[in-house]
Amino acid sequence: MSKQNRHSKPIDQLTGIQVSDEFQRFDQRDEIYCRSEWDEEIQSDQATAFFEGYFMPAARTRRSDGFSQRDYALRNASWHVTNVLRDLRRQKDGRKEGFFDHFTAHEEGWSEPYAFESAEEATANIRRVAKLAGADLIGICAYDERWMYNTLFCDNSKDSKPLDLPEGLDNVILIGEAMDIALTGTVPSALSGSATGLGYSFDAVTLLTLAQYIRNLGYRAYATMNDTALTIPLALQAGLGEVGRHSLLITPEYGPRLRLGKIFTDVPLLHDKPRSYGIKQFCDVCERCASACPPKAIPFAKPSEKTYNRSNIIGINKWTTDAEKCFSFWANQNTDCSICIRVCPYNRDFSRWYHRLWFKLASSPLRRFALWLDDRLMDRRRQNSRAWWNG
Ligand code: SF4
Ligand code: SF4
């Protein structure tokens, strides 16, 4: 596994994100959910209730729209598959797979690598199986040491532990699962959290299936979700999209409504290239997410290396959200929030031709006109959860 100097060059001119000499690899224990397990600055009664509420006996149901028993029932069920996988080795080994650790729920594969005639053939084959297994988006890039967590977080000791991937996994397969657009329209609500939970649950099924397929071909494959490495820089390198002001990946196919996973593998694959979609330039003239964010966690300023707390990555020139403010808002409202996704002009159904046309307009010098059109034609207000239930 090639080690890169930590004083790295920019990822790529097209991504618009630069890595400076100050860059440091990120310790997973500083990620905001890990911090909620050990850092008193993050811990609170609301944060405890927030996490406990993902299990029905502790759900804080209330009369307000989107927070009823059935809203929590669906939201919590949407996470069930990931929770089952997370707990497989939790008690015995302190692993929270898919959250803090890579998945290990695999059977033994083939002993010899399948002889693909070329990397082109292998890439086409893996893409085909990924789609079959449920991937909405797939991209491939090279392993990049910079985005691997410097250390992992151990659920048992509440402290750091070494990264546990073997060497020689030179390729990374990025998998994207779309979040339901109608559920996202009901943010903020417990119901809307179902879009996130289902995104991850579908992701887990796709990742495990594809990784097992690669193992059955006789290669190594390690499936990961939010664990092991920073996903967004890899997704940028795989050309899936660009990062918006809200720090989320924006793609031409699903806008910001996407949950990502990745597979580290040694099957020989061709790499995709980073691409510019004009999204950064659009965000320069659009501040809607920053205005709509209740705790003001999203910057109005230009991309910079500014960090707010230890949950931010040091040494990258980009838009950075204040994870502490964001998490505190989630805890206070007792469910996750995606207001920045709901209001984003790229949150559209791009299966429709007129939204694809809008994307082209937004990517052009007429981006201010595209923003004006979004203001006039799209209803970005919160949708009523009862109306969603009534179809
Ligand atoms: S998820 Fe909600 S609180 Fe967090 S940055 Fe987005 S709008 Fe703000
Ligand atoms: S709401 Fe506007 S500024 Fe924010 S990410 Fe979306 S396009 Fe960019």
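Heads up: numbering here begins at 1 and tracks the sequence. Both counts, for ligands and for their atoms, begin at 1 and track the order of listing. Keep in mind it's a predicted model, so treat the numbers as computed, not measured.
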> Listing residue and atom name, which protein N/O/S atoms are closer to atom 8 (Fe) of ligand 2 than 2.8 Å?
Replying inline: Cys283 SG

>> Classify the ring geometry of Phe359 against Tyr277: parallel below 30°, tilted from 30° to 60°, perpendicular beyond 60°.
In response: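 Ring orientation of Phe359 relative to Tyr277: perpendicular.
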
> For Trp330, is the nearest heavy atom under 4.0 Å from an atom of ligand 1?
Replying inline: yes

Please list, in number order, the atoms of ligand 1 under 4.0 Å from a heavy atom of [X].
| X | answer |
| --- | --- |
| Cys337 | 1 (S), 2 (Fe), 3 (S), 7 (S) |
| Phe329 | 3 (S) |
| Pro295 | 3 (S) |
| Cys293 | 3 (S), 5 (S), 7 (S), 8 (Fe) |
| Ile298 | 5 (S) |
| Ile339 | 7 (S) |

>> Which heavy atom of Cys154 sits nearest to which heavy atom of Lys161, and what is that distance?
In response: CB-CD, 3.8 Å

>> So that I know where these two stand, are Trp358 and Phe282 an aromatic pair - ring centroids less than 6.0 Å apart?
In response: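 Ring centroids of Trp358 and Phe282 are less than 6.0 Å from each other.
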
>> Against the six-membered ring of Phe100, is Arg95 placed for a cation-pi contact (under 6.0 Å from the centre, within 45° of the normal)?
In response: no

> On the ring face of Phe26, is Arg310 found with NZ or CZ under 6.0 Å from the centre and within 45° of the axis?
Replying inline: no

>> Suppose we measure from atom 6 (Fe) of ligand 1 to each protein heavy atom; which comes out shortest, and what is that distance?
In response: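 Of the protein heavy atoms, Cys340 SG, 2.4 Å lies nearest.
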
> Which residue owns the protein heavy atom closest to atom 4 (Fe) of ligand 1, what's the atom, and how far is it?
Replying inline: Cys326 SG, 2.4 Å

>> If you count every heavy atom of other residues, nucleotides or ligands that lies below 6.0 Å from Lys296 atom NZ, does the total exceed 12?
In response: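 Yes, because the 6.0 Å sphere around NZ of Lys296 holds more than 12 heavy atoms from other groups.
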
> Is a donor on one side and an acceptor on the other found under 3.5 Å between the side chain of Thr265 and the backbone of Arg220?
Replying inline: yes

> Using a heavy-atom cut-off of under 4.0 Å, does the side chain or the backbone of Ile341 touch ligand 1, or both, or neither?
Replying inline: neither

>> If only side-chain N and O atoms count, and only distance matters, is there a donor-acceptor pair under 3.5 Å linking Ser311 with Glu324?
In response: no

> Do the side chains of Cys344 and His246 get nearer than 4.5 Å, heavy atoms only?
Replying inline: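 His246 vs Cys344: side chains touch.
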
>> As a quick check of understanding, evaluate side-chain hydrogen bond (donor to acceptor under 3.5 Å, both in side chains) for Asp71 and Trp389, giving each step before the final call.
In response: CA-CA 9 Å; Asp71 297 311; Trp389 280 107; 2.7 Å; yes

> Thr320 and Lys318: side-chain hydrogen bond (donor to acceptor under 3.5 Å, both in side chains), yes or no, with the steps?
Replying inline: CA-CA 6 Å; Thr320 293; Lys318 66 185 186 69; 3.3 Å; yes

